[in-house]
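Have a look at the structure below, then the notes.
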Amino acid sequence: MSPLNQFDPEGHLRHLITLEGLSPDPILALLDRAQHHVRPIHQAPSTGKSLAGLTVANIFTEPSTRTRASFELAARRLGADVLNLEIMLSSRAKGETVLDTIHTLQAMSTDVFVIRDAEPGVCRLVADHVAAHVSVLSAGEAHLSHPTQGLLDALTIRQKKGSFHQLTLAIVGDIRHSRVARSAYQIFSTLGVGELRIVAPDALMPEAHEMPIARRFDSIEAGIAQADVVMMLRIQKERMVQAAIPEADDYFNRWGLTAKRLALAKKDAIVMHPGPMNREVEIASDVADGPQSVIRQQVTNGVAVRMALLETVMHHRARRQTPT
Ligand code: NCD
């Protein structure tokens, strides 16, 4: 396999499969464009026609409510046709079948494939085989990557805190199995956050080489002390080979974000969670719904980020398309 190139020959973003290796410029351009699409929820959403005549296929082989709905709304609000498919793409089906499926959908004029799969490499495989005018966007790849989540998290923090450079950001919980944590690590190490902390029981920590610049903490109290941002993660039971964590009650007692613990962070700290939440397992309900929570703002920002991304990768479509 050749190295992953997410840009077209003219240097425009074409695919988004990972945030790893992206420089700050394309990331900040996406955040700026996304900010343009953010509206308070009591107002009509941002809409446009920039994707009119284009087709977006959402292919999700893992359960998803918010990410799928978010990509679908983003595409529809820009005027695209949207296909939602629940088909098996990964090597659990035969390799040939993946590409047959993709070529079939491409023959129906699909312009963007949005893919979520539990196995690594599926987005990459598809990106290596689609026509030059087609884009592939990851909606979550195994435990490895969830780039639009990283972008919406960065947008949310920027809205609440301004710049990243002075911030102490604590990512807490099941980091080992979390694509959200990996994409967060990538985007915040690229954008240059003041201090990046990872806070987890030993069994849920990633390998040291995976997140070299993060400070590791084995207690939530120490890990969130004086933090500006507390990012909680869902316990990823579906990715655990064996139960590596204690029962839910024990976990909440030692690692759950309660109001008492949150008081250790800065007074104006914000609380994030990608959803879906396990209430009273990783986060207390009163904290999830409390004044420091920005969890719903993250969801609102998700649609804006995906609109910005679809516009960005489709912006040069006409030029990339082979003339007939
Ligand atoms: C996350 C996911 O599926 O990776 N959810 C999401 O996309 N909002 C996080 C999770 O499942 O814990």
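For ligands, and for the atoms within them, numbers begin at 1 and follow the listed sequence. What you see is a predicted model; the values in this text were computed from it and never measured.
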- side chain to side chain donor-acceptor pair (under 3.5 Å) between Glu311 and Ser50: does it pass, once the steps are laid out? CA-CA 7 Å; Glu311 285 179 326; Ser50 49; 3.3 Å; yes

_Donor-acceptor under 3.5 Å (Asp174 side chain, Gln236 main chain)_ =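 Confirmed, Asp174 side chain pairs with Gln236 backbone.
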
With heavy-atom distances below 4.0 Å as the criterion, list the atoms of ligand 1 near [X].
X: Thr67; result: 6 (C), 7 (O), 8 (N)
X: Gln236; result: 10 (C), 11 (O), 12 (O)
X: Arg234; result: 10 (C), 11 (O), 12 (O)
X: Arg116; result: 2 (C), 3 (O), 7 (O)
X: His146; result: 2 (C), 4 (O), 6 (C), 7 (O)

Open item on the list: Would Gly275 count as a contact residue for ligand 1, given that I'm defining contact as a non-hydrogen atom of the residue lying under 4.0 Å from a ligand atom?
Closed with: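 For ligand 1, residue contact (heavy atoms, under 4.0 Å) with Gly275 is present.
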
Query raised in the report: Who passes side-chain hydrogen bond (donor to acceptor under 3.5 Å, both in side chains) against Ser64, sequence neighbours left out?
Result: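 Counting only residues at least two positions away or on another chain, Ser64 forms no side-chain hydrogen bond (donor to acceptor under 3.5 Å, both in side chains).
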
| query | Gln106: what forms a side-chain hydrogen bond (donor to acceptor under 3.5 Å, both in side chains) with it, not counting sequence neighbours? | reply |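 Gln106: no side-chain hydrogen bond (donor to acceptor under 3.5 Å, both in side chains) contacts found.
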
Report task. State whether the number of non-hydrogen atoms from other residues, nucleotides or ligands found under 6.0 Å of Gln166 atom CD is greater than 12. Result -> no

Margin query: Looking at Arg39, I want to see if its CZ is surrounded by more than 12 non-hydrogen atoms of other residues, nucleotides or ligands under 6.0 Å.
Written below: yes

| said: I need the contact type for Glu62 against ligand 1. Using non-hydrogen atoms and a strict under-4.0 Å cut-off, is it side chain, backbone, both or neither? | reply: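 Answer for Glu62: neither.
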
message = So, regarding Val180 and ligand 1 (criterion: nitrogen or oxygen to nitrogen or oxygen, under 3.5 Å), is there a contact or not?
response = no

- Message: If I apply the N/O under 3.5 Å rule, does Pro276 come out as touching ligand 1?
- Response: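 No; every N/O pair is 3.5 Å or more apart.
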
Lys NZ or Arg CZ of Arg116 over Phe60 ring: under 6.0 Å, within 45°: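 No, Arg116 and Phe60 do not form such a contact.
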
